[in-house]
A.B. asks: 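Structure incoming, see below.
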Amino acid sequence: MMSKINENLKNNKIVLPKPASPVASYVPYKIVNNLLYISGQGPFDGKNLITGKVGIDLTLEEGQKAAKLCAMMILAQAKEACGSLDRIFQCVKLGGFVNCDRAFKDHALVMDGASKFLISILEDKGWHARFAVGAPSLPLNMAVEVDAIFEIK
């Protein structure tokens, strides 16, 4: 029998990407007791990293898509860490950084791309606390970077 999480991925025609390797001196995830910490993930569409400033180089909708891609990579890392997404008890918190200029004000709307994706896949387990902030630059000029904390079984 297919798990509800895998069923939701399939029904939404979502294939999780290959987990990205770190770009510096850190690990992609860390499990401490029953918490899974996922390092900041970038918006990789399978071929390219989505780069540029949201509100200048990218529209709000493109920023939301970039945030969704970050959340897809977060789930890929969680699956790698846990062996199965069924070990996720709940998403505790997301942190989002939006590459933008000082005039940009829609950070929360950009991060909704990640939040809504996780809620659609994890359902009630996907609701989380969150922050969304603007940054004048991000590593590799990525448009959005998102990290996560999950409670796991």
A.B. asks: Strictly distance-based, threshold 3.5 Å: is any side-chain N or O of N8 a donor or acceptor partner for the main-chain N or O of I121?
C.D. replies: yes
A.B. asks: Should L60 and L109 be marked as a side-chain contact (heavy atoms from CB on, under 4.5 Å) after you check the CA-CA gap, both sets of side-chain angles, and the distance that decides it?
C.D. replies: CA-CA 8 Å; L60 173 62; L109 296 178; 4.0 Å; yes
A.B. asks: Between L58 and G52, which heavy-atom pair has the shortest distance, and what is it?
C.D. replies: CD1-O, 4.2 Å
A.B. asks: Would you say the side chains of N6 and S3 form a donor-acceptor pair under 3.5 Å?
C.D. replies: yes
A.B. asks: Can C91 and K125 be said to form a side-chain contact (heavy atoms from CB on, under 4.5 Å), step by step?
C.D. replies: CA-CA 6 Å; C91 183; K125 298 175 182 184; over 6 Å; no
A.B. asks: At what distance, to the nearest 0.5 angstrom, does CG of L35 lie from NZ of K93?
C.D. replies: 12.5 Å
A.B. asks: From N12 CG over to S120 OG, what is the distance, rounded to the nearest 0.5 angstrom?
C.D. replies: 5.0 Å
A.B. asks: Name each donor-acceptor pair under 3.5 Å that joins a side chain in residues 65-80 to protein atoms two or more places apart or in another chain, with its distance.
C.D. replies:
unit_1: Q77; atom_1: NE2; unit_2: A20; atom_2: O; d: 2.9
unit_1: Q77; atom_1: NE2; unit_2: Q41; atom_2: OE1; d: 3.3

A.B. asks: V144, I56: one ILVMFWY side-chain cluster at the under-4.5 Å cut-off?
C.D. replies: no
A.B. asks: Compare every heavy atom of A143 with every heavy atom of P43, then report the nearest pair and how far apart it is.
C.D. replies: CG-N, 4.3 Å
A.B. asks: Is there a path of hydrophobic side-chain contacts, each under 4.5 Å between heavy atoms of I/L/V/M/F/W/Y residues, joining L138 to L94?
C.D. replies: no
A.B. asks: Just wondering, are more than 12 heavy atoms of other shown residues or ligands nearer than 6.0 Å to CG in N11?
C.D. replies: yes
A.B. asks: Carefully, step by step, assess V98 and D106 under the rule side-chain contact (heavy atoms from CB on, under 4.5 Å).
C.D. replies: CA-CA 9 Å; V98 180; D106 290 328; over 6 Å; no
A.B. asks: Please name the pair of heavy atoms, one in I88 and one in K153, separated by the smallest distance, quoted to 0.1 Å.
C.D. replies: O-CE, 3.9 Å
A.B. asks: Give, for atom CG of L122 and atom CD of Q90, the distance between the pair rounded to the nearest 0.5 Å.
C.D. replies: 10.5 Å
A.B. asks: Same cluster or not: are I119 and I5 linked, directly or through other Ile, Leu, Val, Met, Phe, Trp or Tyr residues, by side-chain heavy atoms under 4.5 angstrom apart?
C.D. replies: no
A.B. asks: Please report the shortest heavy-atom distance between E145 and G40, naming the atom on each side.
C.D. replies: OE2-CA, 3.3 Å
A.B. asks: Taking a hydrophobic cluster as the set of Ile, Leu, Val, Met, Phe, Trp and Tyr residues connected by side-chain heavy atoms closer than 4.5 Å, whether directly or through intermediates, do F97 and I50 fall within one such cluster?
C.D. replies: no
A.B. asks: Please collect all side chain to side chain donor-acceptor pair (under 3.5 Å) contacts where either partner lies in residues 22-40, sequence neighbours excluded, each pair once.
C.D. replies: N34-E151
A.B. asks: Side chains of L85 and L16: does their closest heavy-atom pair fall under 4.5 Å?
C.D. replies: yes
A.B. asks: Does the side-chain contact (heavy atoms from CB on, under 4.5 Å) test come out yes or no for V92 and F150, once each step is laid out?
C.D. replies: CA-CA 5 Å; V92 176; F150 292 95; 5.8 Å; no
A.B. asks: State which residues pass ring-ring contact (aromatic ring centres under 6.0 Å, His included) with F89; sequence neighbours excluded, sorted by chain then number.
C.D. replies: none
A.B. asks: Is there side-chain contact between V110 and H107, with heavy atoms separated by less than 4.5 Å?
C.D. replies: no
A.B. asks: Is a donor on one side and an acceptor on the other found under 3.5 Å between the side chain of R130 and the backbone of A108?
C.D. replies: yes
A.B. asks: Atom CZ of F44 and atom CG of L140: how far apart are they, to the nearest 0.5 Å?
C.D. replies: 11.5 Å
A.B. asks: Same cluster or not: I149 versus V146, using hydrophobic residues (I, L, V, M, F, W, Y) connected whenever any side-chain heavy atoms lie under 4.5 Å apart?
C.D. replies: no
A.B. asks: Between the side chain of N99 and the main-chain N/O of M142, is any donor-acceptor distance below 3.5 Å?
C.D. replies: yes
